[in-house]
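The structure under discussion appears below in the form of structure tokens.
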Amino acid sequence: TYGSYIGKDVDLEKSTTQVEIFDTAIAMLAGLMIIPAVFAFSGGNPDNLQAGPSLMFITLPKVFASMGVGRLAGILFFILVLLAAVTSAISLLETSVSTFQDELHWSRPKCCILMAAVMLIIGTLSSMGYGVLSFIQIFGMACLDFFDFLTNSVMMPLAALATCFLIVRTVGFERIAREIEQSSAFKRKKLYMFFLKYLAPIFLVIILLSSIANVLGIISM
């Protein structure tokens with residue numbers, strides 16, 4: 001989303017490499033901090049490591065409560081979570097806003113107000129999933145867990161599959177290559193094509209089907 005607004009002088013391949021390195025490194029650091037802490041707090045019960053959204057909102061607060069400076073650590077942690085959520089929401093909002101602008105020719109303020117209202121409604125339902133709406137269970141999941149499953153395990157793989165299909169069948173690799181080569185050498189051109197044409201679709205289908213099968217109780221992950 002943000003990449004569609006960068007200038008022609010930005011080296012896309014270099015920027016992509018930086019995102020890969022920093023995103024992966026931070027994710028690994030977070031895992032090395034959170035997983036051992038939760039595992040130790042749970043008395044070695046590995047089931048608590050597969051708690052989904054409740055890991056963040058139920059298990060981790062218990063971990064913070066057991067720490068010497070847990071209240072401060074918890075406040076800082078959830079402030080960072082809030083900032084991450086806001087920046088992610090902006091990028092998600094922009095895709096919908098720009099689509100409505102292009103396809104329906106609505107004004108930007110009108111599109112922003114509409115999508116903000118939609119996000120407010122869905123976000124409110126999610127935030128109350130472990131509170132006043134805890135009695136609502138969808139496939140045995142609370143609202144927050146269900147929306148997490150729907151967006152992360154179903155919609156994201158489907159969107160990624162659609163992206164692969166769009167690039168391979170509609171846009172074409174050569175058009176993508178010309179766009180990238182305006183600012184970088186595109187040294188990974190062949191690797192990019194191979195991944196998008198073969199590996200990515202296969203693994204995305206596996207992720208999608210296994211996630212659905214897990215919810216239906218066919219398999220256990």
Side-chain angles (χ1 to χ4, degrees), residues 1-32 80-81 83-116 118-119 122 147-214 221:
T1 303
Y2 296 129
S4 63
Y5 293 96
I6 62 176
K8 300 293 184 181
D9 57 328
V10 177
D11 190 320
L12 292 177
E13 199 161 21
K14 182 179 178 180
S15 298
T16 302
T17 301
Q18 291 173 345
V19 171
E20 290 170 344
I21 293 172
F22 288 109
D23 187 64
T24 304
I26 291 171
M28 292 181 66
L29 285 174
L32 290 173
L80 292 174
V81 170
L83 293 174
V86 169
T87 54
S88 298
I90 291 172
S91 64
L92 292 170
L93 188 69
E94 177 59 27
T95 57
S96 301
V97 168
S98 60
T99 299
F100 281 128
Q101 282 186 279
D102 295 339
E103 300 299 328
L104 301 179
H105 306 292
W106 290 357
S107 66
R108 186 170 181 82
K110 181 179 179 180
C111 297
C112 289
I113 292 172
L114 172 64
M115 290 312 305
V118 171
M119 293 182 69
I122 297 176
F147 284 127
D148 176 71
F149 160 74
L150 187 65
T151 54
N152 288 337
S153 302
V154 178
M155 295 175 69
M156 286 182 66
L158 286 176
L161 278 170
T163 301
C164 292
F165 182 82
L166 176 69
I167 293 176
V168 173
R169 298 293 182 183
T170 305
V171 178
F173 287 116
E174 291 306 316
R175 186 175 175 183
I176 294 292
R178 287 197 301 271
E179 180 70 22
I180 297 174
E181 287 169 352
Q182 291 184 67
S183 59
S184 60
F186 201 9
K187 298 176 182 178
R188 291 186 284 179
K189 181 178 179 179
K190 292 183 178 179
L191 185 64
Y192 174 80
M193 292 180 179
F194 177 74
F195 265 74
L196 231 67
K197 196 172 184 178
Y198 301 106
L199 289 187
I202 291 172
F203 284 107
L204 285 168
V205 169
I206 292 173
I207 292 171
L208 176 62
L209 295 180
S210 61
S211 298
I212 295 174
N214 180 61
M221 295 192 297

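Index from 1, following the sequence.
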Atom pair [atom1]/[atom2] of [X] and [Y] - distance to nearest 0.5 Å:
X	Y	atom1	atom2	answer
Thr16	Ile21	OG1	CD1	11.0 Å
Leu161	Leu204	CG	CG	4.5 Å
Leu104	Cys111	CG	SG	7.0 Å
Asp148	Leu150	CG	CG	9.5 Å
Leu93	Ile90	CG	CD1	8.0 Å
Lys110	Leu114	NZ	CG	8.5 Å

Quick one, Ser183 with Val10, criterion side-chain contact (heavy atoms from CB on, under 4.5 Å). Give me CA distance, side-chain angles, the key distance, then yes/no. CA-CA 6 Å; Ser183 59; Val10 177; 5.7 Å; no

Looking at every heavy atom in both Val154 and Leu208, which two are closest together, and how far apart are they?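 Of all heavy-atom pairs spanning Val154 and Leu208, the closest is CA-CD1, 3.8 Å.
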
[X]: side chain to side chain donor-acceptor pair (under 3.5 Å) partners, not counting sequence neighbours:
X	answer
Glu94	Tyr5, Arg108
Glu20	Arg188
Gln18	none
Arg178	none

Any sub-3.5 Å donor-acceptor pair from [X]'s side-chain atoms to [Y]'s backbone N or O?
X	Y	answer
Ser98	Thr95	yes
Ser184	Asp11	no
Ser210	Ile207	yes

Is the closest side-chain heavy-atom distance between Glu179 and Lys8 below 4.5 Å?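 Yes, at least one pair of side-chain atoms sits under 4.5 Å.
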
Return the set of residues passing salt bridge (charged side-chain N to carboxylate O under 4.0 Å, His left out) with Lys187 (not counting sequence neighbours), or none when no residue passes.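 Scan of Lys187 (salt bridge (charged side-chain N to carboxylate O under 4.0 Å, His left out), adjacent residues dropped) gives none.
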
Ring pair (Phe, Tyr, Trp, His ring centres under 6.0 Å) contacts in which one or both residues fall within residues 147-190, not counting sequence neighbours: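 As it turns out, the ring pair (Phe, Tyr, Trp, His ring centres under 6.0 Å) pairs with a partner in residues 147-190, which skip direct neighbours, are Phe186-Tyr192.
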
Assess whether atom CE of Met155 is packed by more than 12 heavy atoms of other residues, nucleotides or ligands within 6.0 Å.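 It does not: Met155 CE has 12 such atoms or fewer within range.
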
Would you find more than 12 non-hydrogen atoms of other residues, nucleotides or ligands less than 6.0 Å from Met193 atom CE?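 Atom CE in Met193 is crowded, with more than 12 foreign heavy atoms closer than 6.0 Å.
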
Determine whether Ile206 and Ile202 satisfy the following criterion, side-chain contact (heavy atoms from CB on, under 4.5 Å), listing intermediate values before the conclusion. CA-CA 6 Å; Ile206 292 173; Ile202 291 172; 4.1 Å; yes

